[in-house]
Amino acid sequence: MPDVMSSSRLIGVGVGPGDPELVTVKGVNALRAADVVVVPVMDTGERGRAEATVLHYVPEEKVVRVVFALNERTDRARREAAWDAAGERVAELLRGHGTVAFATIGDPNVYSTFTYLAQTIGELVPDVVVETVPGITAMQDLAARSGAVLTEGTEPLTLVPVTAGATVLKEALAGPGTVVAYKFGRQAGEVAEALRETGRLQDAVWGSALGLTEESIRPAAELDGTPLPYLSTLIAPARREGGRGGKL
């Protein structure tokens, strides 16, 4: 058993948006070097994107599934209890292993489950060393697959989780630069309306299940209000005039 006081490491590894080829070399090395790899699962138990991606690179016996309240937003007590239980489970793994990797879709420092886990573990295992390995985000993958350019020259880039409400998105769309919306599937109708109201509908594109067999990438103009997969991503590019280099 390792000396927890000096050697335990918790590494948040970004494994990208779903396509197993979009895990960095550093990410693969971190997953393979870890003693165990924790993957988050919902209490329904189905295999998530992080787990499916990890299994392309490490054997199943090295993977530990830990239940997280990934979609619990209304019952705070239930969410907190689930976080406490998950934290205790990962802390237990750290006490028995030198290095524990936690696989998260996208990047561990961008709207990630890992942030909350690291905070919890910091209280349970105060001397643990916490590290992260960056991962490719859904907005980068959607930009590549759709041909949308995220930023040019001096343009700002605004990332909005639509779980914060359509008003926040509308305010961002009224401003300059490109706007990216995450987690907007359940509010697809409100998002489409916000795009129309701000004149940003024409060039916008949305995508879901990027890199997977059920991938869907379509112009935002085709949004008809029908709910989309929860982990849908939208890119509304900046208004661009003046030709090449116009924003330099």
Side-chain angles (χ1 to χ4, degrees), residues 1-18 20 23-24 26-135 137-138 161 163-164 182-183 230-231:
M1 182 176 295
D3 178 0
V4 174
M5 298 298 288
S6 62
S7 62
S8 289
R9 295 165 67 223
L10 175 64
I11 307 175
V13 181
V15 296
V23 185
T24 67
K26 186 170 185 176
V28 171
N29 288 341
L31 293 172
R32 289 177 172 166
D35 297 302
V36 294
V37 178
V38 172
V39 294
V41 296
M42 292 191 291
D43 52 14
T44 49
E46 70 262 27
R47 178 172 291 169
R49 292 189 197 179
E51 182 178 4
T53 303
V54 164
L55 290 175
H56 279 81
Y57 297 106
V58 300
E60 191 166 3
E61 57 267 24
K62 188 173 170 175
V63 175
V64 176
R65 309 175 91 230
V66 176
V67 175
F68 285 80
L70 297 172
N71 58 350
E72 181 55 71
R73 299 191 178 278
T74 56
D75 189 336
R76 178 163 185 167
R78 179 180 178 275
R79 183 175 67 239
E80 293 293 337
W83 277 113
D84 288 343
E88 289 285 359
R89 178 69 179 108
V90 176
E92 177 187 340
L93 291 169
L94 282 164
R95 294 182 187 109
H97 302 278
T99 302
V100 174
F102 180 89
T104 177
I105 60 171
D107 182 279
N109 293 306
V110 180
Y111 299 128
S112 170
T113 306
F114 182 73
T115 302
Y116 310 118
L117 176 65
Q119 291 172 353
T120 304
I121 294 300
E123 297 173 359
L124 295 173
V125 189
D127 293 294
V128 69
V129 175
V130 177
E131 303 172 9
T132 57
V133 177
T137 62
T163 48
Y182 274 2
K183 305 176 183 179
Y230 174 65
L231 290 177

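The line from CG of L94 to CG of L124 is 9.5 Å long, rounded to the nearest 0.5 Å.
Listed by chain and residue number, V28, Y57, V58 satisfy the side chain to side chain contact (heavy atoms under 4.5 Å, CB included) test with R32 (two or more places apart in sequence, or in another chain). Take Q119 and apply the side chain to side chain donor-acceptor pair (under 3.5 Å) test, not counting sequence neighbours, and it matches no residue.
Using a 4.5 Å heavy-atom threshold, the side chains of L55 and V63 count as touching. Between V90 and I121, the closest side-chain pair of non-hydrogen atoms falls below 4.5 Å. Residues V41 and F68 are not in side-chain contact: their nearest non-hydrogen atoms beyond the backbone lie 4.5 Å or more apart. With contacts defined as side-chain heavy-atom distances shorter than 4.5 Å, the pair V38/F114 does not qualify. Inter-residue side-chain proximity for Y111 and T104 is flagged as unmet; no heavy-atom pair is nearer than 4.5 Å. Taking the side chain as every heavy atom from C-beta outward, V13 and V15 approach each other to under 4.5 Å. Contact check for L93 versus V64: side-chain heavy atoms found under the 4.5 Å cut-off. Here the side chains of T132 and I11 are not in contact, with every heavy-atom distance at 4.5 Å or above.
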Check residues 47-54 and write down every donor-acceptor pair under 3.5 Å in which the side-chain atom is one partner and the other belongs to a residue at least two apart or another chain.
residue: R49; atom: NH1; partner: P17; partner atom: O; Å: 3.2
residue: E51; atom: OE1; partner: R65; partner atom: NE; Å: 3.0
residue: E51; atom: OE1; partner: R65; partner atom: NH2; Å: 3.1
residue: E51; atom: OE2; partner: R65; partner atom: NE; Å: 3.0
residue: T53; atom: OG1; partner: R49; partner atom: O; Å: 2.9

- Message: Would E92 and R95 count as a salt bridge (Lys or Arg N to Asp or Glu O under 4.0 Å) here? Give the steps.
- Response: CA-CA 5 Å; E92 177 187 340; R95 294 182 187 109; over 6 Å; no
- Task: Any chance you could lay out the side-chain contact (heavy atoms from CB on, under 4.5 Å) test for L231 and I105, step after step, and finish with the verdict?
- Result: CA-CA 11 Å; L231 290 177; I105 60 171; 3.8 Å; yes
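Residues P108 and P134 come closest through the heavy atom pair CD-CA, 4.2 Å. In terms of heavy atoms, A118 sits closest to V130 at CB-CG1, 4.1 Å. In this structure, A103 and V37 approach most closely via the heavy-atom pair CB-CG1, 4.3 Å. Residues A91 and V125 share a closest heavy-atom pair of CB-CG2, 3.8 Å. Residues A30 and A101 approach most closely at O-CB, 4.4 Å, considering heavy atoms.
Judged purely by atom type and a 3.5 angstrom limit, K62 uses its side chain to pair as donor or acceptor with the backbone of L31. A donor-acceptor contact shorter than 3.5 Å is absent between the side chain of D35 and the backbone of H97.
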